[in-house]
Student: 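Structure below; questions to follow.
Both counts, for ligands and for their atoms, begin at 1 and track the order of listing.
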Amino acid sequence: MISPGQSQVEEYFEPSPYLEQQLRERKREDLLKKIYPFHKHANVVAVKQAEPLGLAHALLMAEEQVKNEPFVVLLGDDLFFGSPSPSKQLIEAFKTSKKSIIALKEVSKEEVVHYGIVDIIKSNNLIHQIKNIVEKPKESEAPTTLAIPGRYIFTPDIFAYIKRLKEKRNAEYPLTDALLQMAKDSNLFAVEVSATRFDVGQVPGYLQATLSLARERRLFPKNV
Ligand code: G1P
């Protein structure tokens, strides 16, 4: 899903004959191998969300592409490092639940204002029921510190729930309201995920992610 003016994102996934030719001429087979990490595995399609009406509306734009099958949603400003990936954990849980599932990750009390915050009934099989979801609550009003970190698996019934949303809030259709209704109908569950998360939509998270990757890839001199 892209917004108008983000065609570079689309182009990133397209073959680049010019770059290939340049690398071949320079005999950089090593880089040539690296430039198309996805092309063999996936058919990448970009759908444009013409108006910024929020996440629920963005999902509706993708309804045709989803072709009535379960699908994973990954929000690009939430980065995860480490194994297993949240998507893998969600897919494993989905094999049991066969219902839509959202990821959960602990955040600090000060951070609850940035996320959907979830109250759950813990289950031994790690697939938890959802009691409540509050979108970006004040610190004093947050039921827990369990946040939705931008990873979801949805079954196609999500679209019917979204279409029932009547009113915009802060100029956006609130996905949280649709999720809460799904949870009430026992059509939505939650799983805590273990990989390390960085919110690169916030400056501190962006800096932390950059430093963490640089350290992991040993990009700093030894004494830094
Ligand atoms: C969206 C969701 C929120 C979720 C967050 C994760 O908010 O509405 O529930 O916790 O993504 O990043 P946004 O970041 O689009 O404001």
Student: Pick, from Glu135, Glu172, Arg197, the option with the minimum heavy-atom distance to atom 2 (C) of ligand 1.
Tutor: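 Considering heavy atoms of Glu135, Glu172, Arg197, the nearest to atom 2 (C) of ligand 1 sits in Glu135.
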Student: Side chains of residues 75-83: which donor-acceptor pairs under 3.5 Å do they make with residues two or more places apart or in other chains?
Tutor:
| unit_1 | atom_1 | unit_2 | atom_2 | d |
| --- | --- | --- | --- | --- |
| Asp78 | OD1 | Arg197 | NE | 3.1 |
| Asp78 | OD1 | Arg197 | NH2 | 2.7 |

Student: Compile the donor-acceptor pairs under 3.5 Å between side chains in residues 43-54 and protein atoms, sequence neighbours left out, one pair per line.
Tutor:
| unit_1 | atom_1 | unit_2 | atom_2 | d |
| --- | --- | --- | --- | --- |
| Gln49 | NE2 | Gly54 | O | 3.0 |
| Gln49 | NE2 | His57 | ND1 | 2.9 |

Student: For Thr176, run the side-chain hydrogen bond (donor to acceptor under 3.5 Å, both in side chains) check against Arg169, Gln181, Glu135 and tell me which one passes.
Tutor: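 Only one option passes, and that is Glu135.
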Student: State the atoms of ligand 1, each with its element, that fall below the 4.0 Å cut-off from a heavy-atom position in Gly116.
Tutor: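 Those of ligand 1 that fall under 4.0 Å from Gly116 are 3 (C), 4 (C), 9 (O), 10 (O).
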Student: Would you mind finding which of Leu175, Val107, Ile102, Ile148 brings a heavy atom closest to atom 5 (C) of ligand 1?
Tutor: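 Result: the heavy atom closest to atom 5 (C) of ligand 1 is in Ile148.
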Student: Starting from atom 7 (O) of ligand 1, locate the nearest protein heavy atom and write down its residue, its atom name and how far away it is, to 0.1 Å.
Tutor: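 The closest one turns out to be Lys136 NZ, 3.3 Å.
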Student: Quick test of your reading of the model: are Glu63 and Lys163 salt-bridged, counting only N-O distances below 4.0 Å?
Tutor: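 Looking at Lys163 together with Glu63, the answer is yes, because their closest N to O distance falls below 4.0 Å.
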Student: As a quick check of understanding, evaluate salt bridge (Lys or Arg N to Asp or Glu O under 4.0 Å) for Glu111 and Lys105, giving each step before the final call.
Tutor: CA-CA 12 Å; Glu111 288 173 311; Lys105 192 86 192 162; over 6 Å; no
Student: Tell me the contacting part of His114 for ligand 1: side chain, backbone, both, or neither, using a 4.0 Å heavy-atom threshold, strictly below.
Tutor: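 It is neither; nothing of His114 touches ligand 1.
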Student: With heavy atoms of Asp78 as the reference, note each atom of ligand 1 found under 4.0 Å away.
Tutor: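 Within the 4.0 Å cut-off of Asp78, ligand 1 contributes 6 (C), 12 (O).
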Student: Give, for atom CD of Gln22 and atom CZ of Arg26, the distance between the pair rounded to the nearest 0.5 Å.
Tutor: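 Output value for this atom pair is 4.5 Å.
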Student: Among all protein heavy atoms, pick out the one at the shortest distance from atom 14 (O) of ligand 1; state its residue, atom name and that distance to 0.1 Å.
Tutor: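 Its nearest protein heavy-atom neighbour is Asp77 OD2, 4.3 Å.
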Student: By number and element, which atoms of ligand 1 are closer than 4.0 Å to a non-hydrogen atom of Gly150?
Tutor: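 Ligand 1 atoms under the 4.0 Å threshold to Gly150: 6 (C).
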Student: Hey, mind stepping through Phe189 and Phe154 against ring-ring contact (aromatic ring centres under 6.0 Å, His included) and telling me if it holds?
Tutor: CA-CA 10 Å; Phe189 293 85; Phe154 290 125; over 10 Å; no
Student: Pull out every atom of ligand 1 sitting under 4.0 Å from any heavy atom of Leu75, numbered as shown with elements.
Tutor: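 Atoms satisfying the 4.0 Å criterion: 11 (O).
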